Amino acid sequence: MDAELESLAEALGRGIVDGSPDLNALLTDTAHRSVVPSLAPRLTDVSRRFQGNSAAWPLAARDLSEVLRLVRRRDAVVYEELRVIAEAFAEDERARTAPAPRRAPGAATNAVSGGTFNEPVVQAGSITGGVHAYYGQTPHSGLSRVADWPQVGRASAIALGVRRPRRIADERPLPRYVVRDCADALDAQVRAAAREGGLVLVTGEPLSGKSRTLWAALFTNLSATTRILHPAPGTDLRGLTDMLRARGDAECVLWLDDLDGHLGEHGLTAALLAELARLRVPVLATMSDEAYDAHRFGSPAHTRLLSGVDPVELGAEWSPAEVERLAAAAPDDLRLAGAYAHRARHSTPVYLSVGPELLGEWRRARRPNAHPLGHRLVLAAIDLARCGVEEAPADVLRRASDLYGDVAPASSEEFDQALEWASGIRHGTTGMLVPGAEGGTWRAYGSLVEDARDGLPGFGPVPCELWTLAVEAMWREDDPEAMGAVLERARAALGAEEDDDLEALLTLGRIEEKYGDVEVAEGWFRRASDAGSTEAAGRLGGLLVDREDMAAAIPHLEKAAESGNVEAQRLLGIAMSLRSEYWLRTATEGGDAVAAWWLGDLARGDGDQQAAMRWYQKAVERGRTRDVASRIASLYYSWQEYEESERWYRIALSEGDDQAVNDLGLTLEQLGHLEEAGLMFQQSAEQGDATGASNFGLLLEERGKPVEARMWFAKAHELGDYSGAYLLGHSLTLEQRYDEAEGWLHKAQEIGHHKAEAALADLKAAKADHRPDRSAPDAPDTVKE
C-alpha cells in the first residue's frame with residue numbers, strides 16, 4: 001500500500017481497537033453518506049472483529065487499507081472526510097501518549113513493587129515511602145481521564161456536533177464562519193464562564209446554527225490547550241468533579257450539545273453545575289427552543305438548573321447585517337456562495353447542513369432496489385435548473401426523467417410514487433423537490449443545484465435533449481428576458497466544446513433555429529455537417545432552401561438524402577428542380593431549343609399553362625416542333641380550343657409522333673367526327689396503346705356494339721390499361737352476367753381501380769334477384785389471363 005493509505009489505515013485501526021466511541025460514530029456517519037454501497041458494512045465488520053483487541057490493530061489496519069483504497073477510487077469526497085478524521089485522531093493519540101515529565105533527581109516518591117492492584121485494595125511485596133490509604137467510590141463508566149480529552153486547538157467541530165457540510169477538493173472541512181449578531185453577547189458569556197465557571201446556553205430552532213455558533217465562541221475565547229470533554233448523551237457525570245480535581249493546572253471545558261440529552265440525576269444537575277463553577281470549569285451547551293421551554297418551565301429539577309441561565313437565542317432567519325457578512329465571505333467559499341445565492345428560499349444553516357444529507361440520500365437512491373425513478377426526477381429538476389428553468393411543471397419533469405438511461409416510460413402510478421418520495425420532508429425542513437411558486441410546479445432544493453454546478457461526483461453534463469425541453473418549457477412570447485437567459489445558458493454550455501461534439505452542435509442548432517437566430521443556427525449546423533453529421537447536413541440544406549440559395553443547399557441535401565433522410569430527399573428534388581429551372585432559363589435565353597422545351601414542361605408541371613405555351617412556342621421557333629407539337633395540342637385541348645388542338649396533333653403525327661394518334665381521336669370526338677375518331681382509336685390500339693383500346697371500346701359501346709366493345713376492353717387489359725378490366729366488368733353487369741362480371745371487377749380491384757369496390761357492392765345487390773347466367777360466345781375468358 002502507499003504511504004498515505006498506510007498512515008490513515010494505521011490511525012483508524014488503532015482507534016477502532018481502542019474502542020473509541022467518537023471515532024466509530026464518525027466513521028459510521030461518514031460511511032452512510034458514501035456512494036460506495038459496501039463501505040458501511042465493511043467498516044462495521046472491521047469494528048466488530050477488532051474492537052477492544054489491542055493486539056489486532058495491524059490486522060485492522062490491513063483490512064482498512066483495502067477499504068480506503070476502494071473509497072479513494074470511487075468516492076473522493078468521502079475519502080477526504082476519512083482522511084481528516086484519521087489525521088485528527090492521530091493528533092489526539094500522539095498527545096495522549098506523550099511521555100509524562102520526569103521528576104527531578106532526589107525528589108520524594110512513593111513506589112509499589114511486587115504486588116497486584118485489585119480495585120481499592122493494594123497487595124504488595126514492599127512499599128517504599130510514606131503509606132497513605134485512600135477510600136473512594138467505584139469509578140463511573142463512560143468518562144475518560146482528563147489527559148485523554150482533546151485540546152480545543154486540535155478538536156473536531158464535527159465530532160462536537162457541528163453538522164458536516166459538503167466539501168469539494170481541498171476545501172476546509174468547515175466553511176468560514178459568518179459572524180452572527182449574537183456573537184458579542186455570546187463571547188462575553190463564554191469569557192465570564194471561563195473565569196468564574198457556569199453554564200453558557202445557546203437556544204434556537206432546529207438547524208439554526210447553534211452548534212456552529214457556540215463552537216466559534218469556544219474556539220475564539222478559550223485557550224487552544226483547553227481540554228474539552230464531549231460525553232455522549234446519557235453519560236454518567238457523577239465522577240466528573242473528582243477527575244477534574246486531579247487535573248492539575250489543565251484548563252477544561254464541558255461541551256454538551258443538545259443539553260436535554262444530558263439532564264437527569266446522573267447527568268448535569270444544579271449541584272454538579274455549582275461544583276464545576278467552583279472548579280472554574282465552564283459548561284457550553286446547546287438546546288432547541290422546544291426542549292428549553294419544556295425543561296425550563298416544566299420540571300422543577302431542571303428549572304433549578306436553567307433558571308439562572310440567560311440563554312443566547314439564535315434565529316433561523318438572518319438579519320440584513322448577517323446577510324451582508326455572508327455576502328462578504330461568499331467569494332472565498334463555494335458553499336457560502338451557494339448559501340448566499342439561495343438565501344431567499346433556504347436559511348443559511350439549513351442550506352449548509354441539510355444539503356449534504358440530501359445529496360448522500362439522493363446518490364444512493366439510484367440503485368435498482370432503492371428509488372431509481374425518484375433519483376431521475378430529482379436529477380431532471382437539478383439539470384433543468386442548470387439550464388435556467390428553476391421551476392417546472394410535473395409533466396415536464398416526467399418527460400425529462402425519461403432522458404436518463406435506457407428506461408421505459410413510467411406509469412402514472414409509478415411517477416406519483418416517485419414524486420411523493422422526492423418531495424417528502426426530510427430533517428423536518430425540506431424535500432429534495434420543493435413546491436414552486438406556481439401551483440403544480442417543482443424545483444430542486446438549492447444546495448443540490450449548487451452541488452451539480454460545482455462539479456461534485458454524481459453529476460454529468462446536461463443531456464442535450466434536455467436543453468430543447470428546457471427551452472420549450474420556458475418559451476413565453478411575453479417574457480423574452482427569461483427565454484433569453486435559457487438561450488444564453490445553452491449557448492455557453494453547448495457552444496463551448498473545444499471538440500466538435502455532434503450532439504451538442506445539433507442541439508444548439510435546433511434551439512437557435514426554433515427560438516433564436518436562424519443565421520446562428522446555420523453556423524452550428526455547418527460545423528456539425530463538416531464534422532460528419534448527415535442530420536445537420538439536411539437541416540443546413542433546408543435553411544439554405546428557405547432563403548432560396550439552391551446552389552449552396554444541394555451538396556448538403558445530397559449528403560443527407562444519401563443517408564436515407566426522406567425530408568432531405570424531398571427538399572433535394574425541389575432544390576434541384578429550381579436550380580435546373582435557373583440553368584434552363586439561362587440556356588433558353590442563350591438560344592437553346594431543348595432548354596425551352598424542358599422549361600415548358602416545368603412550367604406546365606407547376607400549373608402555369610400560359611408560361612408553358614410560351615416556352616413550347618420558343619422551342620418550335622428553334623426547330624423542335626416534333627418534341628413539343630403534341631404538348632401544344634394538349635394545352636389547346638385543355639382550353640377547349642379543339643380546332644387548334646386538332647391542327648397541332650396532326651402536325652405532331654406528320655412529324656412522326658405516333659403517340660399523338662389516340663389524343664387526336666379524343667379531339668375529333670369532341671368535334672363530333674366520331675367515325676374518324678374511331679379510326680384513330682383503333683389505329684392507336686393496333687399500335688399497342690392500351691388507352692386507345694379502351695377508348696375504342698367505349699366508342700363502340702356508345703354505338704350499341706357491346707360485344708365488339710368488350711373485345712377491345714379485354715385488349716386494353718392485356719396491354720396494361722387498369723381500366724380495361726373495370727370497363728369489361730361493368731359491361732357484363734349491364735347484361736346481368738354477374739359471375740363473369742364479378743371476376744373482371746375483382747381483377748380491377750386488385751389492380752387498384754378507384755370504382756371497382758363500389759361496382760362490386762352494386763353487383764352484390766343486383767344478384768339478390770339472381771337469374772342463372774346465360775353463356776355467350778362473345779364473353780372473354782374471365783379466369784385465365
Side-chain angles (χ1 to χ4, degrees), residues 541 544-545 547-558 561 568-671 673 676-677 679-681 683-692 695 719-721:
L544 293 170
V545 167
R547 60 185 178 91
E548 300 183 359
D549 189 352
M550 305 304 166
I554 288 173
H556 299 287
L557 291 173
E558 281 185 330
Q569 292 166 352
R570 169 174 53 81
L571 289 175
L572 177 60
I574 295 171
M576 295 183 74
S577 175
L578 294 172
R579 190 62 178 161
S580 68
E581 182 179 353
Y582 167 80
W583 286 112
L584 288 171
R585 190 182 298 271
T586 303
T588 300
E589 292 171 355
D592 189 90
V594 175
W597 158 27
W598 278 83
L599 273 176
D601 284 353
L602 289 176
R604 189 176 181 187
D606 289 339
D608 190 347
Q609 293 182 338
Q610 295 295 338
M613 180 63 81
R614 289 196 302 271
W615 294 119
Y616 290 148
Q617 293 288 0
K618 285 185 177 292
V620 170
E621 293 170 3
R622 294 168 185 175
R624 305 297 297 196
T625 303
R626 182 182 185 281
D627 299 313
V628 298
S630 61
R631 287 170 167 78
I632 294 174
S634 67
L635 287 176
Y636 281 123
Y637 184 92
S638 67
W639 296 336
Q640 298 182 5
E641 297 182 23
Y642 300 120
E643 289 82 0
E644 280 298 304
S645 178
E646 178 190 359
R647 184 171 75 85
W648 279 100
Y649 276 131
R650 292 190 185 280
I651 292 173
L653 285 173
S654 67
E655 291 286 334
D657 184 1
D658 294 336
Q659 301 297 319
V661 175
N662 178 71
D663 295 331
L664 176 57
L666 291 172
T667 303
L668 292 169
E669 187 177 26
Q670 293 295 331
L671 291 169
H673 307 322
E676 189 177 4
L679 292 174
M680 292 297 104
F681 292 147
Q683 180 182 343
S684 176
E686 290 171 349
Q687 290 175 351
D689 185 352
T691 305
N695 288 335
L719 292 173
D721 184 2

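All heavy atoms count here, side chains included; hydrogens, waters and symmetry mates do not. Computed from a predicted model, the values in this text were never measured in an experiment.
No close placement of the Y636 and Y642 rings is indicated, their centers lying 6.0 Å or farther apart.
The minimum heavy-atom distance linking Y649 with A660 is given by the pair CD2-CB, 4.0 Å. Shortest non-hydrogen contact noted between G692 and A685 is C-CB, 4.0 Å. Residues R624 and A593 share a closest heavy-atom pair of CG-CB, 3.2 Å. Minimum interatomic distance between V594 and D592 (heavy atoms only, all atoms of both residues): N-OD2, 3.2 Å. When all heavy atoms are compared, the tightest approach of A595 to L584 is CB-O, 3.5 Å. Shown here for A612 and G600, the closest heavy-atom pair between the two residues is CB-O, 3.3 Å.
Using a distance-only test at 3.5 Å, with no hydrogens or angles considered, a donor-acceptor pair links the side chain of R626 to the main chain of E655. With hydrogens and angles disregarded, a donor-acceptor distance shorter than 3.5 Å links the side chain of R622 to the backbone of T588. Side-chain N or O atoms of S645 include none that pairs as donor or acceptor with a backbone N or O of S634 at under 3.5 Å.
A 6.0 Å sphere centred on CD of Q659 holds no more than 12 heavy atoms belonging to other residues, nucleotides or ligands.
We find that R647 and E644 are joined by a salt bridge, their nearest charged nitrogen and carboxylate oxygen being less than 4.0 Å apart.
Rounding to the nearest 0.5 Å places OH of Y637 at 8.5 Å from CG of D663. Here the CE-CG distance, from M550 to L557, works out to 9.5 Å after rounding to the nearest 0.5 Å. One distance of note links CG of N662 with CG of N695; it measures 4.5 Å at 0.5 Å rounding. Separation of atoms CD (E676) and CG (L671) is listed at 9.5 Å; rounding is to 0.5 Å. Between the CG atom of L578 and the CD atom of E548 there is a distance of 8.0 Å, given to the nearest 0.5 Å. With rounding to the nearest 0.5 angstrom, the CD atom of Q640 is 8.0 Å from the CD atom of Q670.
Annotation: side chain of D689 is not in contact with side chain of V661 (no heavy-atom distance under 4.5 Å). At least one side-chain heavy atom of I632 sits less than 4.5 Å from a side-chain heavy atom of V620.
Scanning for side chain to side chain contact (heavy atoms under 4.5 Å, CB included) contacts around D601 gives W597, Y616, R631, with sequence neighbours left out.
For residues 569-584, the pairs satisfying side chain to side chain donor-acceptor pair (under 3.5 Å) are E581-R585, with sequence neighbours left out.
In the model, S630 has a side-chain atom that pairs as donor or acceptor with a side-chain atom of D657 under 3.5 Å. Between the side chains of W639 and Q609, at least one donor N or O sits under 3.5 Å from an acceptor N or O.
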